[in-house]
Student: 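This is the structure I have questions about; it appears just below.
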2 protein chains.
Amino acid sequence: MDTTCDQHGSWDVYLKSCPCRDVLDLLANKWTALVLGVLAQRAHRFGELRRAVGGISQKMLTQNLRNLERDGFVSRKVFPTTPPTVEYALTPMGAEVSAHLVALSTWSQSNFDRIRDARSTYDTRSLEPVN
Amino acid sequence: MDTTCDQHGSWDVYLKSCPCRDVLDLLANKWTALVLGVLAQRAHRFGELRRAVGGISQKMLTQNLRNLERDGFVSRKVFPTTPPTVEYALTPMGAEVSAHLVALSTWSQSNFDRIRDARSTYDTRSLEPVN
DNA sequence: CTGGATCCTGGGGGATACTG
DNA sequence: CAGTATCCCCCAGGATCCAG
């Protein structure tokens with residue numbers, strides 16, 4: 001069928017309705033790599049995290065953290081102080097994935113020059129007619 | 001400033017308007033990991049690719065392939081046959097990133113059981129009041 | 001077969017205001 | 001400080017039709 005993959009605990013993410021698509025969607029999210037990347041350095045409080053990930057809105061950060069917490073990538077510890085203190089950290093499982101994601105964002109940083117070149121090549125090429 | 005990062009060819013993806021955010025957005029896309037994952041096995045024609053990545057629409061596949069081609073991750077070779085034949089393949093740079101992305105989707109597959117557990121724990125916990 | 005062009009809807013995601 | 005709730009807009013993305 002379409003949704004079952006197989007019965008032995010192995011899934012094929014290339015199938016349309018494979019349940020682990022959810023996980024991949026979460027990990028391959030606009031913000032996830034950055035959030036987990038920051039948490040990979042050390043635990044952060046909410047406001048810290050918000051400032052460390054430039055441009056993320058409060059709503060999106062909350063939403064992402066909830067999802068990451070639900071799937072077991074992030075732990076949320078509340079200290080009953082006033083004003084409230086909440087600390088987010090990676091779980092062991094979160095550390096595993098963050099390694100891959102950090103590799104990705106690091107790669108993007110250090111290879112951006114090659115990509116700029118590729119873009120300008122592509123853009124100029126699409127202007128010239130067949131020559 | 002906010003957008004410049006530094007002047008020596010190094011960028012900080014954690015800054016709001018860092019240009020390599022574009023790249024990360026492309027790579028951390030719902031479909032990119034799957035498309036590059038399929039192409040990592042061998043070159044594919046458009047229809048093949050569409051069928052290999054279950055659930056992707058023709059529009060999204062085209063769009064993704066254009067972006068991936070523009071940034072130099074995928075090559076597009078047209079054979080002047082009738083009906084037209086177009087073959088997509090990874091560039092060397094595409095092979096580099098696909099390695100990271102494949103690692104990610106593979107991880108999602110093989111650890112989905114742990115995530116299922118984390119979810120059910122989270123869901124049942126949120127039902128119980130403080131005990 | 002490989003796409004481009006169009007129409008249209010759902011929800012992603014920002015801004016703002018309010019609570020504990 | 002760390003959220004939740006609401007309003008609302010915009011566009012990602014599916015469906016459909018058409019073309020080389």
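It should be emphasised that the depicted structure is a prediction, and the values quoted were computed from it without experimental measurement.
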Student: Short question: side chain of B/Thr91, backbone of B/Gly72 - any donor-acceptor pair under 3.5 Å?
Tutor: yes
Student: Just wondering, do A/Leu36 and A/Val74 contact through their side chains at under 4.5 Å, heavy atoms?
Tutor: yes
Student: Do the side chain of B/Thr106 and the main chain of B/Ala103 share a donor and acceptor less than 3.5 angstrom apart?
Tutor: no
Student: Using side-chain heavy atoms (C-beta onward) and a distance below 4.5 Å, is B/Arg70 in contact with A/Asp123?
Tutor: yes
Student: Once you round it to whole Å, what is the distance between P of D/dG3 and CG of A/Leu65?
Tutor: 8 Å
Student: For A/Lys30 and C/dG14, give me the distance from atom NZ to atom P, rounded to whole Å.
Tutor: 8 Å
Student: Rounded to the Å, how far apart are B/Glu87 CD and C/dG3 C1'?
Tutor: 17 Å
Student: Can you tell me how far P of D/dC11 sits from CD of B/Gln63, to the nearest Å?
Tutor: 13 Å
Student: Could you state the atom-to-atom distance from CD of B/Glu69 to P of C/dT2 in whole Å?
Tutor: 15 Å
Student: With a 4.0 Å heavy-atom cut-off, tell me which residues in residues 47-59 of chain A come close to DNA chain D, sorted by residue number.
Tutor: A/Gly47, A/Gln58
Student: Please tell me if A/Tyr88 has a side-chain N or O lying less than 4.0 Å from either OP1 or OP2 of D/dC1.
Tutor: no
Student: Measure from the side-chain N and O atoms of A/Thr124 to the backbone N and O of A/Ser120, and report whether any donor-acceptor pair falls under 3.5 Å.
Tutor: yes
Student: So, does A/Arg45 get its side chain near the phosphate of D/dC1, meaning an N or O under 4.0 Å from OP1 or OP2?
Tutor: no
Student: Going by heavy atoms in the side chains, are B/Val13 and A/Phe112 under 4.5 Å from each other?
Tutor: no
Student: Estimate the overall bend of the helix from C/dC1-D/dG20 to C/dG20-D/dC1 from the end axes over five pairs each, rounded to 10 degrees.
Tutor: 50°
Student: Taking atom P of D/dG3 as reference, at what distance in whole Å does atom CG of A/Leu61 sit?
Tutor: 9 Å
Student: Report yes or no: do A/Val102 and A/Val53 belong to one cluster of Ile/Leu/Val/Met/Phe/Trp/Tyr joined by side chain heavy-atom distances under 4.5 Å?
Tutor: no
Student: As a test of reading the structure: which of D/dC1, D/dG20, C/dG4 is closest to the side chain of B/Thr62, going by heavy atoms?
Tutor: C/dG4
Student: How would you label the contact of B/Phe79 with the nucleic acid (heavy atoms, under 4.0 Å): base, sugar-phosphate, or nothing?
Tutor: nothing
Student: Heavy-atom count around A/Arg119 CZ within 6.0 Å, excluding the residue itself: above 12?
Tutor: yes
Student: Roughly, in whole Å, what's the span from CZ in B/Arg76 to C1' in C/dG4?
Tutor: 11 Å
Student: Would one find a side-chain N or O of A/Arg66 under 4.0 angstrom from OP1 or OP2 of D/dT4?
Tutor: yes
Student: Rounded to whole angstroms, how far apart are CG on A/Asp25 and P on D/dA12?
Tutor: 17 Å
Student: Between A/Thr62 and A/Phe46, is any pair of side-chain heavy atoms under 4.5 Å apart?
Tutor: yes
Student: Of the listed nucleotides (C/dC1, D/dG3, C/dG3), which one gets closest to any side-chain atom of B/Pro83?
Tutor: C/dC1
